[in-house]
Amino acid sequence: MSLVKLTIKGISYSQTQNGAYALILNEVDGERKLPIVIGAFEAQSIAIALEKEIKPPRPLTHDLFKSFADRFDILVKQVIIHKLVDGVFYSSIICERDKIEEIIDARTSDAIALALRFQAPIFTYKNILDKAGIYLNPTSSESESEDVLSSPEPLGETKEASGSGLRKFSLAELHEQLENAVQEEDYEKAARIRDEISKRES
């Protein structure tokens, strides 16, 4: 299976759903976006790694891991988002020490937070991007730089966007809602709708 390189477009957050954030990844040689719902702590850690000027007074967990790895000559070479099951992404961290590679299982949000700190590339498999990638409306503005966190835009979430609210819609209605969410660049809602479609079609 061929690997596809990804970069981070930004993080969006919801004012109506506490702790809900959407991390948006860009396909490097394409137009698809891969939105992944993550927790507040991981969103903060990723945002701090992206904003080079921000330095917390004490190390965050991912900063501590980086210091630990540096001290013992462990290098994070790359992160691979290798599996998608029922809307949950699974990732691996490829590490190297003394020219020996090790593969470590990790939550995708943690893996990406570490990849940023090690300046390691992020990949996924083409079949995962085919299944979960979202095409933006071609008329949408793409003014943000790919590797810089854009200013987070509040994302409103209606009852229909929650997991339980989506069950009452048909697949055709869900596909229509997904298209509307993408056009509005409401990535959190789009990710939840996409995950519901994926569950039904798997």
- Are Ile36 and Tyr90 co-members of a hydrophobic cluster defined by side-chain heavy atoms under 4.5 Å apart? no
- Taking all non-hydrogen atoms of both residues, which atom of Ile46 and which atom of Ser109 are closest, and how far apart? CD1-O, 3.9 Å
- Out of curiosity, does Leu171 fall in the hydrophobic cluster containing Phe169 (side-chain heavy atoms, cut-off under 4.5 Å, transitive links)? yes
- Smallest heavy-atom separation, Ile93 atom then Ala111 atom, equals CG1-CB, 3.9 Å
- Message: For Ile128 versus His82, what's the shortest heavy-atom pair and its separation?
- Response: CD1-C, 3.3 Å
- Would you check if Tyr21 and Val37 make a side-chain contact, meaning some heavy-atom pair closer than 4.5 Å? no
- Message: Is it the case that atom CD in Glu176 sees more than 12 heavy atoms from other parts of the structure closer than 6.0 Å?
- Response: no
- Task: Return yes when atom CG of Leu75 has more than 12 non-hydrogen atoms of other residues, nucleotides or ligands closer than 6.0 Å, and no otherwise.
- Result: yes
- Message: If you define the side chain from C-beta out and look only at heavy atoms, does anything of Gln177 sit under 4.5 Å from Leu166?
- Response: yes
- Item | Val76 reachable from Ile74 in the ILVMFWY side-chain graph, under 4.5 Å edges | no
- Task: Can you sort out the partners of Asp130 under salt bridge (charged side-chain N to carboxylate O under 4.0 Å, His left out), two or more places apart, ordered by chain and number?
- Result: Arg32, Lys126
- Do you know which two heavy atoms are closest between Ser91 and Asp105, and how far apart they sit? O-OD1, 3.2 Å
Without placing hydrogens or testing angles, list every side-chain donor-acceptor pair under 3.5 Å for residues 114-125, not counting sequence neighbours.
| from | atom 1 | to | atom 2 | distance (Å) |
| --- | --- | --- | --- | --- |
| Arg117 | NE | Asp63 | OD1 | 2.6 |
| Arg117 | NH1 | Ser45 | O | 3.4 |
| Arg117 | NH1 | Ser45 | OG | 3.4 |
| Arg117 | NH1 | Ala113 | O | 2.9 |
| Arg117 | NH2 | Ser45 | O | 3.2 |
| Arg117 | NH2 | Ser45 | OG | 3.1 |
| Arg117 | NH2 | Asp63 | OD1 | 3.4 |
| Thr124 | OG1 | Ile81 | O | 2.9 |

- After noting the C-alpha distance and the side-chain angles of Val28 and Leu6, does the key distance pass the side chain to side chain contact (heavy atoms under 4.5 Å, CB included) rule? CA-CA 5 Å; Val28 169; Leu6 303 169; 5.6 Å; no
- Which atoms form the tightest heavy-atom contact between Ile104 and Cys95, and what is the distance? CD1-SG, 3.8 Å
- Query: Considering residues at least two apart in sequence or located in another chain, which fulfil the side chain to side chain donor-acceptor pair (under 3.5 Å) criterion with Glu42?
  - Reply: Arg107
- Report yes if some heavy atom in the side chain of Leu25 is under 4.5 Å from a heavy atom in the side chain of Lys9; otherwise report no. no
- Message: The criterion is side chain to side chain donor-acceptor pair (under 3.5 Å); which residues satisfy it with Glu101, sequence neighbours excluded?
- Response: Lys77
- Task: Spell out, as yes or no, whether a donor-acceptor pair under 3.5 Å connects the side chain of Arg194 to the backbone of Ile134.
- Result: no
- Message: Please report the interatomic distance CD(Gln78) to CD1(Ile103), rounded to the nearest 0.5 Å.
- Response: 9.0 Å
- Query: Could you give all pairs that pass the ring-ring contact (aromatic ring centres under 6.0 Å, His included) test and reach residues 22-45, with sequence neighbours left out?
  - Reply: Phe41-His62
- For the hydrophobic clusters of this structure (ILVMFWY residues joined by side-chain heavy atoms under 4.5 Å, transitively), does one cluster hold both Leu50 and Leu23? yes
- Atom pair CG (Asp73) and CZ (Arg97), whose distance is rounded to the nearest 0.5 Å: 7.0 Å
- Query: With Glu102, which residues qualify under side-chain contact (heavy atoms from CB on, under 4.5 Å), at least two apart?
  - Reply: Ile100
- Query: When you look at Thr7 and Glu27, which way does the side chain to side chain contact (heavy atoms under 4.5 Å, CB included) test go after all the steps?
  - Reply: CA-CA 7 Å; Thr7 58; Glu27 179 183 16; over 6 Å; no
- Note on the structure: So NZ of Lys5 and CG of Asn26: to nearest 0.5 Å the spacing works out to 12.5 Å
- Message: Quick check on the hydrophobic clustering: are Val88 and Ile38 connected, directly or via other members, by side-chain heavy-atom contacts under 4.5 Å?
- Response: no
- Heavy-atom closest contact (Ala47 atom, Ile11 atom, distance): N-CD1, 4.0 Å
- Pick out which of Asp29, Leu129, Leu34 makes a side-chain contact (heavy atoms from CB on, under 4.5 Å) with Val4. Leu129
- Query: Going by an N to O cut-off under 4.0 Å, is there a salt bridge joining Glu196 and Arg192?
  - Reply: no
